[in-house]
Amino acid sequence: MLESLKERVCAANLKLTEYGLVLFTWGNVSEIDRESGLFVIKPSGVDYAKLRPEDMVVMNLNGEKVEGELNPSSDTPTHLELYRRFPEIGGVAHTHSTFAVAFAQAAKDIELYGTTHADFSFGAVPCTRDLTAEEIENDYELNTGRVIAERFETGGIDYNAVPAVLVHSHGPFTWGKDGFEAAKNSAVLEEVAKMAYLSETLNAKPASENIRNKHYFRKHGANAYYGQK
């Protein structure tokens, strides 16, 4: 079932190691087939060096395992909630990359300081609120997805224009049209977080809206002109 998608998701997960974003088993990528309502995700605790397409786990949007011998990632309920609440995304990635985690542990948004960030995201990458003790104790991973969606909905943030979030005290989640784009966005987010950290040590101020708008819309939207047609 979904054999080609399993191959894609396995390859997208391996991109996290290629990009230098994960150690050991610290990360996961999933991708959804919206037509069938099924998504494929990395199994829990399997070393990337041993990861194979046949190890991937098929899940439905009710959180039930449809196919696979291994347990799905422990973050599966978070991915599931993002697919439910963000209906236009096709892939989700999660890492514990150093600089993005540092901002999450400081409970700080990653402000937009320059054009690199603006090419990636239309504004700051937000950090969620801290989960309550009850949310942590009961359905922790599902509630992680809920606080992500809450941050975007209450903050009026477009999840298509800002394809990343920091979970308070935890780390980054990113998304995109598929698993490969989600993994790529994790790499870009880490670089942006590193630049923001260094900028803040130099007392930088956020970039102007004019710079933000110019650089975001020259790469995104109907009037984009960056790259080749």
Side-chain angles (χ1 to χ4, degrees), residues 1-97 100-101 120 139-146 148-149 159-160 162-167 170-191:
M1 177 183 291
L2 300 177
E3 300 307 315
S4 63
L5 187 55
K6 291 177 186 176
E7 291 181 6
R8 286 176 52 80
V9 171
C10 183
N13 272 280
L14 293 176
K15 284 291 184 183
L16 297 183
T17 62
E18 179 183 327
Y19 297 149
L21 300 175
V22 297
L23 292 173
F24 309 115
T25 62
W26 305 351
N28 43 72
V29 177
S30 70
E31 184 172 324
I32 190 168
D33 175 38
R34 289 287 183 183
E35 185 174 346
S36 67
L38 302 175
F39 67 98
V40 174
I41 193 165
K42 176 184 178 286
S44 179
V46 175
D47 193 286
Y48 282 89
K50 300 177 180 178
L51 205 59
R52 305 169 302 167
E54 54 265 36
D55 296 328
M56 300 300 106
V57 185
V58 182
M59 304 290 298
N60 65 26
L61 289 176
N62 293 320
E64 301 163 334
K65 183 165 73 171
V66 175
E67 185 177 84
E69 297 183 2
L70 301 175
N71 292 328
S73 167
S74 57
D75 293 309
T76 295
T78 307
H79 290 239
L80 170 61
E81 187 67 6
L82 293 177
Y83 287 131
R84 288 171 174 163
R85 302 285 284 273
F86 297 168
E88 294 178 39
I89 67 174
V92 175
H94 171 53
T95 77
H96 287 250
S97 62
V101 166
F120 166 64
D139 296 319
Y140 168 62
E141 291 84 6
L142 177 59
N143 286 324
T144 296
R146 286 172 173 165
I148 292 171
Y159 64 83
N160 286 313
V162 181
V165 70
L166 306 174
V167 177
H170 185 173
F173 284 81
T174 59
W175 45 85
K177 66 178 185 293
D178 55 28
F180 287 105
E181 185 171 78
K184 177 183 177 182
N185 284 341
S186 289
V188 176
L189 174 63
E190 176 62 7
E191 192 65 18

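Along the sequence shown, the residues carry numbers beginning at 1.
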Donor-acceptor contact present, side-chain [X] to main-chain [Y], <3.5 Å:
{"X": "Tyr159", "Y": "Glu88", "answer": "yes"}
{"X": "Thr174", "Y": "Pro163", "answer": "no"}
{"X": "Arg34", "Y": "Ile89", "answer": "yes"}
{"X": "Trp175", "Y": "Phe86", "answer": "no"}
{"X": "Asp178", "Y": "Phe180", "answer": "yes"}
{"X": "Asp55", "Y": "Leu51", "answer": "no"}
{"X": "Glu7", "Y": "Leu5", "answer": "no"}
{"X": "Lys15", "Y": "Ala182", "answer": "no"}

Identify the two heavy atoms, one from [X] and one from [Y], that lie closest to each other, and give their separation to 0.1 Å.
{"X": "Val92", "Y": "Tyr83", "value": "N-OH, 3.4 Å"}
{"X": "Lys42", "Y": "Val9", "value": "N-CG1, 4.5 Å"}
{"X": "Leu61", "Y": "Phe39", "value": "CD2-CD2, 4.2 Å"}
{"X": "Glu190", "Y": "Ala100", "value": "OE1-N, 3.0 Å"}
{"X": "Val29", "Y": "Leu16", "value": "CG2-CD1, 3.6 Å"}

Can you list the steps and then say if His170 with His96 is a side-chain contact (heavy atoms from CB on, under 4.5 Å)?
-> CA-CA 8 Å; His170 185 173; His96 287 250; 3.6 Å; yes
Glu64, CD atom: more than 12 neighbouring heavy atoms under 6.0 Å = yes
Taking 4.0 angstrom as the limit, do Lys50 and Asp47 come out as a salt bridge?
->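 Looking at Asp47 together with Lys50, the answer is no, because their closest N to O distance does not fall below 4.0 Å.
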Answer yes or no: is there an ion pair linking Glu181 with Lys184, defined by an N-O contact shorter than 4.0 Å?
->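 Salt bridge between Glu181 and Lys184, a charged N being under 4.0 Å from a carboxylate O: no.
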Measure the NZ-CD distance between Lys177 and Glu31 for me, rounded to the nearest 0.5 Å.
->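 One finds 9.5 Å between NZ of Lys177 and CD of Glu31.
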Run the side-chain contact (heavy atoms from CB on, under 4.5 Å) check on Leu38 and Met1 step by step: do they pass?
-> CA-CA 10 Å; Leu38 302 175; Met1 177 183 291; 3.9 Å; yes
Evaluate the side-chain proximity of Ser97 to Pro172: yes if any heavy-atom separation is below 4.5 Å, no if none is.
->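 SC-SC contact between Pro172 and Ser97 confirmed.
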Indicate yes or no: at least one non-hydrogen side-chain atom of Thr95 is less than 4.5 angstrom from one of Tyr19.
-> no
Please report the C-alpha distance between Leu80 and Met59 in whole Å, then the side-chain angles of each, then the deciding distance to 0.1 Å, and finally whether the side-chain contact (heavy atoms from CB on, under 4.5 Å) criterion is met.
-> CA-CA 9 Å; Leu80 170 61; Met59 304 290 298; over 6 Å; no
For a side chain to side chain donor-acceptor pair (under 3.5 Å) with Asn28, tell me which candidate from Thr78, Asp75, Thr76, Asn13 qualifies.
->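 Of all the options given, the one that passes is Asp75.
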Step-by-step side-chain contact (heavy atoms from CB on, under 4.5 Å) determination, Ile148 to Val167 = CA-CA 7 Å; Ile148 292 171; Val167 177; 3.8 Å; yes
